[in-house]
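Notes follow once the structure below has been shown.
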Amino acid sequence: MTHEQLLSYIPEDQLDTPFVRVLANMPEDIISSMVVTTAEPETVLAYAGDEFRNLYLLLNGTLKLSYELNMEFVYTFAFVDAVNILGETESFTHYPEFKATITCATRCQYIVLSRGVFLRWMKTDNDAIYYMATHVAQKYTTQVRQDRALLSASGEDRFLYLLVKYYDSLCRNGVCQIDTPKEQLADEICVSKKTISRSISKLKNQNLLTVSGHSLIVNKEQYEKILKLNEQVKG
């Protein structure tokens, strides 16, 4: 593959982004060995718990990340849009397995990179390693800051934080549907199931979320109001 061929798979509105500029200058010996794969919706690229051997460089389309709580229930906790890479943290830390199941939410075009090839790329490309180091640092700095704020918050305020997190990860066309069981929501923010039920009821009465069966629905207008409340909690 050539650089020109690689860029031809990437959406036009992504061509001037920092990560794509890194890809456009990838070393010749790395890019020449790459092959683009096309997969249809609902194709599973990796299951949570599988041995981690490869990264996925998403050029076009959307992937969804999910957890399987048991044989009957799977919940999606994030969507990843192109252009993106999955597995960079696992590669740097030598994490042994995939943390989540990766599935194509739409028709996707992607490149499979072995951990060895990825690390060789990082060792020979200063721009790439700088981008990845900055990317990972920003991601985890934000996470640590949010987690510290969460520790001192009340149960209801923690739930506000969780709704913001879910909306940012799952929103599609201005609407976020949360199918995660109450027990799992409670575990994520270290509160009781009763606190989750009370928080849902309170926000429903304030028209800040909608309950539909076992799902929680948050639209853009509700999200913006929740976001303001969450910012007030963080001070």
Side-chain angles (χ1 to χ4, degrees), residues 42 44 47-49 62-81 84 86 89-90 95 97-103 105-106 135-235:
E42 299 308 316
V44 177
Y47 287 97
T62 300
L63 298 172
K64 61 181 177 182
L65 308 182
S66 58
Y67 290 136
E68 299 178 19
L69 297 183
N70 52 53
M71 295 297 290
E72 299 179 352
F73 189 85
V74 177
Y75 79 93
T76 297
F77 66 90
F79 287 97
V80 177
D81 297 318
N84 222 314
L86 286 84
T89 303
E90 289 85 348
Y95 196 80
E97 61 188 37
F98 284 97
K99 299 177 182 178
T101 296
I102 305 172
T103 308
T106 66
H135 166 71
V136 172
Q138 289 176 340
K139 180 167 64 174
Y140 284 100
T141 297
T142 299
Q143 184 65 51
V144 167
R145 187 183 302 116
Q146 291 173 337
D147 289 346
R148 285 176 177 171
L150 186 65
L151 287 173
S152 60
S154 68
E156 291 184 2
D157 289 338
R158 292 184 185 193
F159 186 61
L160 288 176
Y161 157 82
L162 191 62
L163 289 179
V164 170
K165 175 182 173 183
Y166 267 89
Y167 189 95
D168 289 343
S169 299
L170 294 178
C171 174
R172 313 304 294 172
N173 300 316
V175 176
C176 171
Q177 178 173 322
I178 303 171
D179 297 320
T180 310
K182 291 180 182 178
E183 293 87 347
Q184 181 65 25
L185 294 174
D187 287 345
E188 288 192 43
I189 53 175
C190 301
V191 299
S192 67
K193 181 181 174 182
K194 185 179 295 185
T195 296
I196 294 295
S197 296
R198 184 172 60 247
S199 299
I200 290 172
S201 179
K202 180 178 179 180
L203 293 178
K204 177 184 175 183
N205 291 336
Q206 295 175 339
N207 196 30
L208 292 178
L209 60 77
T210 303
V211 178
S212 177
H214 295 293
S215 300
L216 305 178
I217 310 294
V218 179
N219 61 35
K220 185 176 181 180
E221 181 180 355
Q222 291 169 326
Y223 166 74
E224 290 174 350
K225 293 178 180 178
I226 291 172
L227 189 61
K228 288 181 180 179
L229 290 175
N230 188 60
E231 290 299 324
Q232 291 173 8
V233 170
K234 292 193 298 185

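- For the pair L65 and A100, the tightest heavy-atom approach, listed with the atom from each and the gap, is CB-CB, 4.3 Å.
- Within a 6.0 Å radius of CG in N205, other residues, nucleotides and ligands contribute more than 12 heavy atoms.
- By the 4.0 Å N-to-carboxylate-O rule, E221 lies close enough to K225 to be salt-bridged with it.
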Chi angles and distances behind the side-chain contact (heavy atoms from CB on, under 4.5 Å) call for L185, Y166 = CA-CA 10 Å; L185 294 174; Y166 267 89; 3.9 Å; yes

Do K228 and E224 pass the side-chain contact (heavy atoms from CB on, under 4.5 Å) test, and can you show the C-alpha distance, the side-chain angles, and the key distance before you say yes or no?
-> CA-CA 6 Å; K228 288 181 180 179; E224 290 174 350; 5.7 Å; no

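- Remark: K139 NZ is packed, more than 12 non-hydrogen atoms of other residues, nucleotides or ligands lying under 6.0 Å away.
- Not a single donor-acceptor pair under 3.5 Å links the side chain of Y223 to the backbone N or O of L163.
- Between E97 and E90, the closest heavy-atom pair is O-CG, 4.4 Å.
- For the pair R158 and C190, the tightest heavy-atom approach, listed with the atom from each and the gap, is NH1-O, 3.5 Å.
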Could you give me the CA-CA distance, side-chain angles and deciding distance for L160 and L208, then say whether side-chain contact (heavy atoms from CB on, under 4.5 Å) is met?
-> CA-CA 10 Å; L160 288 176; L208 292 178; 5.6 Å; no

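- Residue F159 holds its CZ atom at 6.0 Å from CG of L209, rounded to the nearest 0.5 Å.
- Atom CZ of R172 is separated from atom CZ of F79 by 5.5 Å, given to the nearest 0.5 angstrom.
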Would you sort out whether Y75 and Y67 count as a side-chain contact (heavy atoms from CB on, under 4.5 Å), showing the intermediate values?
-> CA-CA 6 Å; Y75 79 93; Y67 290 136; 3.2 Å; yes

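- Note that the OG1 atom of T210 and the CD atom of Q177 stand 11.0 Å from one another [nearest 0.5 Å].
- Annotation for S199 and G155: closest pair OG-O, 4.5 Å, computed over non-hydrogen atoms.
- Proximity of a side-chain donor or acceptor of T106 to a complementary backbone N or O of T62 within less than 3.5 Å is detected.
- A donor-acceptor pair under 3.5 Å links the side-chain atoms of S192 to the main chain of T195, judged by distance alone.
- Counting all heavy atoms, side chain and backbone alike, Y167 lies closest to G174 at OH-O, 3.1 Å.
- Distance CD/Q206 to CG/L203: 5.5 Å, rounded to 0.5 Å.
- Between I217 and S212, the shortest heavy-atom contact is CG1-CB, 4.2 Å.
- In terms of modelled atom types and a separation under 3.5 Å, the side chain of T103 and the main chain of E42 share no donor-acceptor contact.
- The CG atom of D179 sits 11.5 Å away from the OG atom of S66 when rounded to the nearest 0.5 Å.
- For the atom pair NZ (K182) and CG (L216), the distance works out to 8.0 Å, reported to the nearest 0.5 Å.
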